[in-house]
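Beneath this line is the structure, given in structure tokens, with notes to follow.
To find a chain, count down the sequence lines: A is the first, B the second, and so on, and within it residues start at 1. Values reported hereafter were calculated over all heavy atoms of this structure, with side chains retained and with hydrogens, waters and symmetry mates removed.
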Amino acid sequence: MRIGYACLTVGVEGTKLRTCSLKNATPALLTELIYSNLLVLDKVLDYNIQNDIKLFRISSDIIPFGSHPVNKLEWWQIFADQLKNLGQKSHSHNMRLSMHPGQYTVLNSPIDVVVERAVEDLRYHARFLDSLGLGPENKIVLHVGGVYGDRLASMERFVSEYRRLDENIRQRLVIENDDRQYRIGDVLSMGRSEGIPVVFDNLHHQVNPDNTHTELEWIEVCASTWKPQDGPQKIHYSQQDPSKRPGAHSATIHVNEFLQFVRNLPNSDVDIMLEVKDKNLSAVKCIHALRMSNFIK
DNA sequence: CCGCGTCAAGTTCAT
DNA sequence: ATGAACTTGACGCGG
């Protein structure tokens, strides 16, 4: 069981990613920003190693405008050595990396150019993980997208676009339930028919539930979508911020509730990505708590 | 140098 | 039909 956090490392000097506005995005500046961001990633991996954190989501901002036409740099060649070293560092410490395109990457849009941009964005994410030299268990997590007034037709559009993706993308792509449109049963129906691993997100499920099964039953069904080459099942775990809208992540993870969740899991060979405001701080806290309870070595 | 408006992007929902 | 919300910290301008 690995525990991890997403994108940002709080309280650690020299780990802020840099970016720029579109109008300033010259090749020279982009080159400098990428160089700087790869140094940041190296620092973050070092921090993770020192703290026994073996699961980490790399921010999509690691390469500024990574899938935008303004960025024509062949960064995967320019920085090939650094990228390969970063991947080796991750691999040698049994770390698992992932990426997660945001809400604007919509593969199932009825608008062609939106789909084209989504495919470009997936190409960028896959290329980044490929350039690290990491295997297909280092995943790209994607939401299904919009409903457009016709859920079934929109799911079919997702499937037909998925089938057209490059093989290196399909090897890494996994899909997740969201808190508004696609519930876990919807996602699983596509995951099972197409052989796409499914990430169960507990808070999205709480906010947007499919009550035809219990949470634990859904987690078990999701487990069956992870094939050996995909690595252990991944799930997203977060807790509700009581002062914010439904679905908003809490400031920190409350350990007792987390331990209760882990104790109930049907299978302990699961990697858990925490989605929480205090990021690595909660990851350290949860790893410590799991160790005290002998869930991990 | 500080603080605040703006930011590349798509969908949904409220007005 | 238009625009805010989603989500977010960092950029970048104005004072």
Query raised in the report: Is the closest side-chain donor-acceptor distance between A:Asp121 and A:Thr105 under 3.5 Å?
Result: yes

**Report entry** Any donor-acceptor N or O pair under 3.5 Å, side chains A:Tyr5, A:Asn48
**Finding:** yes

Report task. Measure the spacing between CG of A:Asn85 and CD of A:Gln88 and express it to the nearest 0.5 Å. Result -> 5.5 Å

Query raised in the report: Just how far, in rounded Å, is P of B:dT12 from OH of A:Tyr182?
Result: 8 Å

[atom1] spacing across the pair [N] / [M], given as an integer number of angstrom:
N      : M      : atom1 : value
B:dT12 : C:dG9  : P     : 26 Å
B:dT6  : C:dA5  : C1'   : 16 Å
B:dG10 : C:dA10 : P     : 24 Å
B:dC7  : C:dG3  : P     : 15 Å

Between [N] and [X], is there an OP1 or OP2 to side-chain N/O distance shorter than 4.0 Å?
X        : N      : value
A:Ser21  : C:dG12 : yes
A:Arg180 : C:dC6  : no
A:Lys16  : C:dA10 : yes

Query raised in the report: Given C:dC11, B:dT11, C:dC6, which nucleotide is nearest the side-chain atoms of A:Gln103?
Result: C:dC6

**Report entry** Given C:dC11, B:dG10, C:dG9, the nucleotide with the shortest approach to the side chain of A:Lys277
**Finding:** C:dG9

Query raised in the report: Can you tell if the side chain of A:Val44 reaches within under 4.5 Å of the side chain of A:Val40, non-hydrogen atoms only?
Result: yes

Between the protein and nucleotides 13-15 of chain C, which nitrogen or oxygen pairs come in under 3.5 angstrom?
unit_1, atom_1, unit_2, atom_2, d
C:dC13, OP1, A:Lys23, NZ, 3.3

Report task. Check the surroundings of atom NZ in A:Lys227: do more than 12 heavy atoms from other residues, nucleotides or ligands lie under 6.0 Å from it? Result -> yes

Query raised in the report: Of the non-hydrogen atoms in A:Asn94 and A:Lys54, which two are nearest, and what is the gap between them?
Result: O-CB, 3.9 Å

Requested in this report: Would you classify A:Val147 as touching base, sugar-phosphate or nothing, given that sugar-phosphate means primed atoms plus P, OP1 and OP2, and contacts are heavy atoms under 4.0 Å?
Outcome: sugar-phosphate

Query raised in the report: Which is true for A:Ser109 with a 4.0 Å heavy-atom rule: it touches a base, it touches only sugar-phosphate, or it touches nothing?
Result: sugar-phosphate

Query raised in the report: Starting at the 5' end of DNA chain C, which residue's closest nucleotide do you reach first, A:Arg18 or A:Gly247?
Result: A:Gly247

Report task. Could I get the full list of side chain to side chain donor-acceptor pair (under 3.5 Å) partners for A:Ser243, not counting sequence neighbours? Result -> A:Asp241

Report task. With pairs defined as Watson-Crick or G-U wobble and both distances under 3.5 angstrom, please note down DNA chain B as a dot-bracket string, | for pairing with another strand. Result -> |||||||..||||||

